[in-house]
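Single-structure report; data block below.
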Amino acid sequence: MTYLKFGAVDLVASGPGDFLVEGLSARSGTEWGSPQPIETTLANLRLGPLVVIDGYEARVAFVAVRVCGVNSGALATAEAVLWREIGKPNTLTWQPVDGKGPASVFEVMTSSMQGKLDDFTETKYGERTYVLRLVCRPFVRAVDKTIIPALVSGAAPTTEVVADGSTTTGWTGNGTVTASGGYVTVSPNPGPGPQLTYTAAVDLTATRYLRIKVRREKPGTFAGIEFYVDGGYVPIVAASPRTKDASYFYRTYTIDAGPQTMSTLRIDCFGTGLEDLSVDSVERTNLPPGLGTGRQLVRTIDVPGSAPTEGSLQITHDTSALGTVLAYTWRDDADTGWTPPLMPWLTSGGATPDTARVSGQTVNVTGATTFQVPAAMPNGSFVLLALMKSDSVQDVRFEYELRTKIGANYVGPTISGEVPVSFNSTSWVVKSPTGLLHLPTLPLGPDTDATLEVTIQCVLGIDLVTLDEAWLFNTDIGQLSWLAVGSGTPAAGGDANRVWINSRTLDRPRPEYLVGTAADGSDAYGALANAQLMFPTEHVWEAGTVNVLTVTSNAEYAEAAFDCYSRAPFHVAP
Amino acid sequence: MSHRDATQLRVGGYWLALEMPCSPPTVVTTWSVDGDPGPSGTFEISWEIDLPQGARHPALRRGALVEIVDAGVVLESGVLLRPTWRTGSMTAIGLARQAAGFAAQNASGAHGTSIANTAVDAMIDRATTHTTRPDGLRGTKIAESDDIDSLPYVADVLDAAARVEGKRWGVTPDGRWFFADDPTTPTWLLAPGVAEIEPAGDDYSPTVKVRYKSSDSAGALQIYTTTDADAERFFGPGEQVIDARDLGQISDAQAQQLGDSVRRKSAARLRLAGSIDVAAEQLTTIGGTPAALRAVRAGHMLRIPVGFSDFSDLTGSVWLDVVIGRTEHTYGATVIRLDPIDMAPRSPMQIAERLMRRIGKLKKREKKLLEK
């Protein structure tokens, strides 16, 4: 492939017959420019200002071009060929000359061309030179989209134990390996960190996800923990919130090993100190990680590249309409393991199991219902959403109270309120009864043991109100899309089993929500505001790990797939 | 919308960000205006759109409901005024401000009314005002009879009723009419050294006298006097007269309630002069965590550390708890302007705005027969 192409014009050796267009080197003025940050001063502190980057300006690239022709007519034709690419959205593709690095594409928003008359060169050599000035988006992208497939589930849910931590058989490590109390432990010697390897032939073709429960002796942590299957790095697709007791930290990780036969599984905590690492159990399963039932799935997406990008999140199910769809994306830079759902933290009891619900259970909220949520959560403004059902058409008063508890004591201010809520039908419906809640309610120490006690109750009604699931969504660090696409049989133009959530692009500078039934999008249509699209947002896809929570009230194990262009500031990495 | 802000504008049911480029909105909220107990809540929402010359959009028509929504929660709401297509600037007035544009009528429409509940219910029935009244405002008459014609607009009835009750009137972001007391506990905490607020003596009067026709004394003219003795001793005497004779015959108890409420709320107090421009890092919740500026609204109480000042003379504490009377904030920006309630106007702009509002009200009241 050519190494420099502008639109349809190959700038290496272009032009049939009479003329040749050549891009010139940096010495002649070719320059790719740099992304220009827009800096904002947030505050002037005593030791200097606090500056943040609030976006990037357009980047300006220059390409010096020489046109050669047999005569002035050919030169003019060449000029016209170049000019056709100017002044409109276009692309400039640059492949580094040794062919090893992938091609980078500059997305040109508009462009202009400067020429200078040099009649001597023109007459003697039959050449003209121009400089193309390309106004581009700040980051370059890859030529092709990266597709991150959905985590697929098996037809019949299967979970099997691979190793239960009771014996050291099959386990080796970079130190003494012992088994006690249901844990296989390694004391690393030498370090720089603990490493455990399990060797056995395990058939994962039907159960591709490995769920590994680990424990780390304090003050070691799980920072930078990595998993390798048969020597190959496997990214983590989900991690539970970190729990702890007096001596240890505990966490459960899910990795997608792929449908293969595995012979070794290695767990590395390199560079995090010499404290012991233990494994409680390793399970293989065909179920992607969820919270409650298959109607609420959580996973991480490794957004490729090194710059923020625009992407498309697709939530699909082959046969069932999706019902109420919530898609919440967030980055957790502090790695607290926080997730929005509240039902896993129910403490007031009285929950009735119900596999047809999102959380797998229901609870009567006509009485006070309490949740003890770990208070280690990203700071910011939260909204409380609740999926509830009323047994009759009625108006109730929704009362809520949030306060922080450390040990047995309540600390800090209490956030409380009461809001009238109307139920106009007896179907399951998502309500957003509170205003913005600032959480945590007071600053807490790192690795805090505090919990946030959330109490809700629906009073003054005439009939029962039942809660399926409630969520606390942080709207400062995360983005929520909320749709209602029907629970009947999927039909073209009617209830949908596929939703596409597309970021803004240059051609379409606003987010797009499409619903449909055909996998190729042939019957997709824009989700209707307020009938289907309950709340749109602009999802932020920054390079790195982005957490995704998907709730589909009518479809189990709906698949969430993602695709985007990998973006970089100067050159796309392989 | 700023990329850091997930809030969305919904106009007439359409999500504007999905239809056209639009700027982040500038929101003004109020808690009582110019000494009147209302309108409180969202006061104004303004933003700009970018459509090609000549293009129109069906959502943007006068009277459409405008809402600012964050993840399904309505933060502010209003009614769109006539769009200015040439410049693309759009303005919506808060739902509570509609009360100044509807007549106060009883349910049958034959007469005016002096019952707040009736005036609001009849207004909602007659026109789509995007509001409901689930809570009681005041169910008893303010004036001599239930059907009185001296209070022409719903806003006048609400002002009179709220004054008697000593409350503020307005509409919540989700469209509910309310009468509410001022808060007594602070929600926000300001960093020290940010605010320079001074007490001002404008309109100070520790004694309030209500002139009224007493229904208990067969219509005799009486004056009810009430005095805040502590304030008078500290800052000296002064009197304010309220003429309630236009209400017809009212009971002694109601005159007393009116006098006491006005004295407590506005007359026997030093007002504060000085708006505060606050940056996001200077404002925290009362618990000490950073505040999202879009959640700061008029009607919340702000705790300002003042150290030793005029105020510690009165209260003995080193902070001042101020009810926020007005906020102005552009979403995505890092500053917000806060005015204390009943702020004494000082800058030329503040004085001019106050004057314009007063003149507008007077003109409405003085409309002669058949004159527009």
Side-chain angles (χ1 to χ4, degrees), chain A residues 40-43 45 50 54-55 308 328 379-385 395 404 411-415 419-420 422 430-444 473-476 478-482 504 509-513 526-531 533-538 540, chain B residues 1-22 50 59 67 69-76 132 134-135 172-176 185-189 191 279-297 332-335:
Chain A
T40 316
T41 302
L42 284 188
L45 311 173
L50 175 63
D54 191 8
Y328 179 67
N379 239 305
S381 330
F382 284 74
V383 301
L384 176 73
L385 260 58
D395 292 337
T404 303
V411 293
T414 303
I415 301 177
V419 180
S422 300
V430 176
K431 293 286 185 192
S432 56
T434 70
L436 287 182
L437 309 166
H438 285 79
L439 298 174
T441 56
L442 76 174
L444 297 165
F473 288 114
N474 183 324
T475 64
D476 286 341
Q479 303 83 41
L480 174 71
S481 291
W482 172 10
R504 285 182 195 145
R510 27 193 166 283
E512 181 180 66
Y513 286 81
L528 306 168
N530 273 1
L533 183 55
M534 311 310 289
F535 188 74
T537 191
E538 178 63 36
V540 174
Chain B
M1 296 278 150
S2 156
H3 70 276
R4 274 202 280 193
D5 202 326
T7 57
Q8 300 283 340
L9 259 177
R10 184 168 60 192
V11 178
Y14 287 85
W15 295 105
L16 271 200
L18 265 57
E19 307 282 332
M20 64 193 74
C22 51
D50 187 17
E67 293 161 296
V69 189
D70 190 353
V73 170
V74 179
L75 298 181
E76 311 286 348
T132 59
D135 300 325
T172 62
D174 51 355
R176 286 176 290 119
T185 53
T187 316
W188 309 106
L189 181 61
E281 311 75 51
Q282 296 164 330
L283 196 63
T284 63
T285 63
I286 199 64
T289 51
L293 294 183
R294 62 189 185 281
V296 180
R297 304 183 81 231
T334 53
V335 290

[X] versus chain B, heavy atoms under 4.5 Å apart: side chain, backbone, both or neither?
X      : result
A:P443 : both
A:T404 : neither
A:Y328 : neither

| Residues in side chain to side chain contact (heavy atoms under 4.5 Å, CB included) contact with B:T284, at least two apart in sequence or another chain |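 Only B:L189 meet the side chain to side chain contact (heavy atoms under 4.5 Å, CB included) criterion with B:T284.
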| Side chain of A:H438, backbone of B:A292: donor and acceptor closer than 3.5 Å? |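 Yes: the side chain of A:H438 pairs with the backbone of B:A292.
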| Okay, side chain of B:W15, backbone of A:T537: is any donor-acceptor separation there less than 3.5 Å? |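 The answer is no, because no donor-acceptor pair under 3.5 Å joins these two groups.
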| Residue B:P21 versus chain A: region with a heavy atom under 4.5 Å |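 Both the backbone and the side chain of B:P21 come within 4.5 Å of chain A.
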| request: Pick one of side chain, backbone, both or neither for B:Q282, based on which atoms fall under 4.5 Å of a heavy atom in chain A. | output: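 Neither part.
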Atom pair [atom1]/[atom2] of [X] and [Y] - distance to nearest 0.5 Å:
X      : Y      : atom1 : atom2 : answer
B:T7   : A:F535 : OG1   : CZ    : 7.0 Å
A:M534 : B:R10  : CE    : CZ    : 7.5 Å
B:I286 : A:I415 : CD1   : CD1   : 12.0 Å
B:R294 : A:D476 : CZ    : CG    : 5.0 Å

Testing the basics here: between [X] and [Y], what is the closest heavy-atom pair and its distance to 0.1 Å?
X      : Y      : result
B:Q8   : A:E538 : NE2-N, 4.5 Å
B:G13  : A:A529 : O-CB, 3.2 Å
A:R510 : B:E19  : NE-O, 3.6 Å
A:L385 : B:A71  : CD1-O, 3.6 Å
B:A295 : A:L436 : CB-CD1, 3.9 Å
B:T285 : A:T441 : OG1-O, 4.3 Å

| task | Could you check B:T289 against A:L439 for side chain to side chain contact (heavy atoms under 4.5 Å, CB included), going step by step and ending with a plain yes or no? | result | CA-CA 8 Å; B:T289 51; A:L439 298 174; over 6 Å; no
| said: Please identify, among A:G412, A:P511, A:P509, the residue contributing the most non-hydrogen atom pairs under 4.5 Å to chain B. | reply: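 Top option by heavy-atom pairs under 4.5 Å: A:P511.
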| query | Any side-chain heavy atom of B:P134 within less than 4.5 Å of one from A:D395? | reply |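 Not in contact.
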| side chain to side chain contact (heavy atoms under 4.5 Å, CB included) assessment of A:L384 paired with B:V73 | CA-CA 9 Å; A:L384 176 73; B:V73 170; over 6 Å; no
